[in-house]
Amino acid sequence: MTDRGVPYRPPADVAEALRIQEELRPRVDLVGPGPTAPATVAGLDVAYAESGDRLAAAVTVLDAATLAVVDEAVVVSRPAFDYVPGLFAFRELPALLAALDRLTVRPDLLICDGHGLAHPRRFGLACHLGLVTGLPAVGVGKTPLVGVWDEPAPQRGAWTPPRDGGEVVGRVLRTRDGVKPVFVSVGHRMSLDNAVDRVLALTPRYRLPETTRTADHLCRRALAEAGGRAATPAGDGDPAASA
DNA sequence: GCGACAG
DNA sequence: ATCTTGTCGC
């Protein structure tokens, strides 16, 4: 699932992580437009143990029409990098990629728990994940990272453009009437319009996409069941061994 | 210089 | 991310 894009390179330090982002940023496909009727859509999320030394990364694949889960995978591992705003992807990517490799179907679209272009260097988790998998990807953040915007109208579907350094980096989108908006941005091989349409199709009932919700449930469950035991054997090694 | 800062 | 008590609403 992860062998059709650019190879993932684990950074040794912050300086290298910044170099990798600057190097990969130009390779993001900003045109898309991406699938308007995907057969399957994947959600990715990570849960952490309170000690902070362990995490569970989950991927769930949903039938885009029925929103039923048709495949899923979860990996228990360790954070691969310290948490640094803007370098967040390096923390979770190795475990997420390991989970993706355990899927039996290759999804048509990735819905990431974090931002895509709405990032200081226009290369958030969704861009990185899209590039490494070669799959269309969308970022859906629950809280902002960059940008200024006006409050969207209270109705589902209402949106305003968040601007950072003069450019529009995504959309502040109301997915349900009267709830806090989410922050949608392009990850890879998707247009912003299509990204918003796909997110609205995935939010028939709750604020967050069903993909994110099912993945969230799965990784929390896996973390609880992992208890105090060892990390998931990850085929060719511990996904966190890179940090 | 100070504060803010995806998860 | 995770920890938290209560509260409002379906």
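Protein chains get the first letters and strands the later ones, always in sequence-line order, with residue 1 at the start of each. Below, all heavy atoms of this structure are taken into account, side chains as well, without hydrogens, waters or symmetry copies.
- When the side-chain nitrogen and oxygen atoms of A:Thr143 are compared with OP1 and OP2 of B:dG7, one or more of them lie within a distance under 4.0 Å.
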Test side-chain contact (heavy atoms from CB on, under 4.5 Å) on A:His188 and A:Leu110; report intermediate values, then the result.
CA-CA 9 Å; A:His188 184 53; A:Leu110 262 31; over 6 Å; no
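- Closest to the A:Leu145 side chain, of the nucleotides C:dT2, B:dG7, B:dC5, is B:dC5.
- With A:Arg54 contributing its side chain and A:Val76 its backbone, the two residues share no donor-acceptor pair below 3.5 Å.
- Distance check, rounded to the nearest 0.5 Å: SG of A:Cys127 to CG of A:Leu30 gives 7.5 Å.
- Note: CG (A:Asp177) to P (C:dC10) measures 13 Å, nearest angstrom.
- Residue-nucleotide stacking is present for A:Tyr83 and B:dG7, judged by a side-chain ring centre under 5.5 Å from the six-membered base ring centre and planes under 30° apart.
- No donor-acceptor contact under 3.5 angstrom links the side chains of A:Asp193 and A:Ser191, judged on distance only.
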Note, DNA chain C 5' to 3' with Watson-Crick or G-U pairs under 3.5 Å encoded as ( ), [ ], | and . gives ..........
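- A:Leu96 comes within contact range of no nucleotide atom at all, as no heavy-atom separation falls under 4.0 Å.
- Counting any heavy atom pair closer than 4.0 Å across all strands shown, A:Gly52 reaches no nucleic acid atom.
- Classification of the A:Phe90-A:His128 ring pair by plane angle, with boundaries at 30° and 60°, yields perpendicular.
- Across all strands, A:Pro144 comes closer than 4.0 Å only to sugar-phosphate atoms, never to a base (heavy-atom distances).
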task = Dump the intermediate steps for side-chain hydrogen bond (donor to acceptor under 3.5 Å, both in side chains) on A:Thr214 and A:Thr60, then the final yes or no.
result = CA-CA 6 Å; A:Thr214 52; A:Thr60 52; 2.7 Å; yes
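- Which of C:dC3, B:dA6, B:dG7 sits closest to the side chain of A:Glu92 comes down to B:dG7.
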Return the polar atom pairs (N/O with N/O) between nucleotides 6-8 of chain C and the protein under 3.5 Å, or none.
none

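- Judged purely by atom type and a 3.5 angstrom limit, A:Asn194 uses its side chain to pair as donor or acceptor with the backbone of A:Gly34.
- Residue A:Met190 holds its CE atom at 5.0 Å from CG of A:Leu109, rounded to the nearest 0.5 Å.
- Looking at residues 40-49 of chain A, you'll see A:Ala47, A:Tyr48 sit with a heavy atom under 4.0 Å from some atom of DNA chain C.
- Here B:dG7 presents its P atom at 15 Å from CD1 of A:Ile111, a figure rounded to the nearest Å.
- As judged by a 4.0 angstrom heavy-atom cut-off over every strand, A:Arg220 is placed among residues touching the sugar-phosphate backbone only.
- Rounded to a whole Å, the NE2 atom of A:His115 is 11 Å from the C1' atom of B:dC5.
- Of the inter-residue distances, the one linking A:Glu72 atom CD with A:Arg102 atom CZ reads 12.5 Å to the nearest 0.5 angstrom.
- In the displayed structure, A:Glu151 atom CD is contacted under 6.0 Å by more than 12 heavy atoms of other residues, nucleotides or ligands.
- Between A:Lys142 and B:dG7 there is a side-chain N or O to OP1 or OP2 distance below 4.0 Å.
- C:dA1 atom P lies 18 Å from atom CG of A:Leu87, rounded to whole Å.
- Per the geometry, CG belonging to A:Leu125 stands 13 Å off P belonging to C:dA1, to the nearest Å.
- No hydrogens or angles considered: a donor-acceptor pair under 3.5 Å links the side chains of A:Asp71 and A:Thr104.
- The interatomic distance linking A:Leu223 (CG) with B:dG7 (C1') rounds to 14 Å, in whole Å.
- Two rings, from A:Phe88 and A:His119, have their centers 6.0 Å or more apart.
- Atom NE2 in A:His128 sits roughly 18 Å away from atom P in B:dG7 (whole-Å rounding).
- For A:Phe88 and C:dT2, the CZ to P distance is 11 Å, given to the nearest whole Å.
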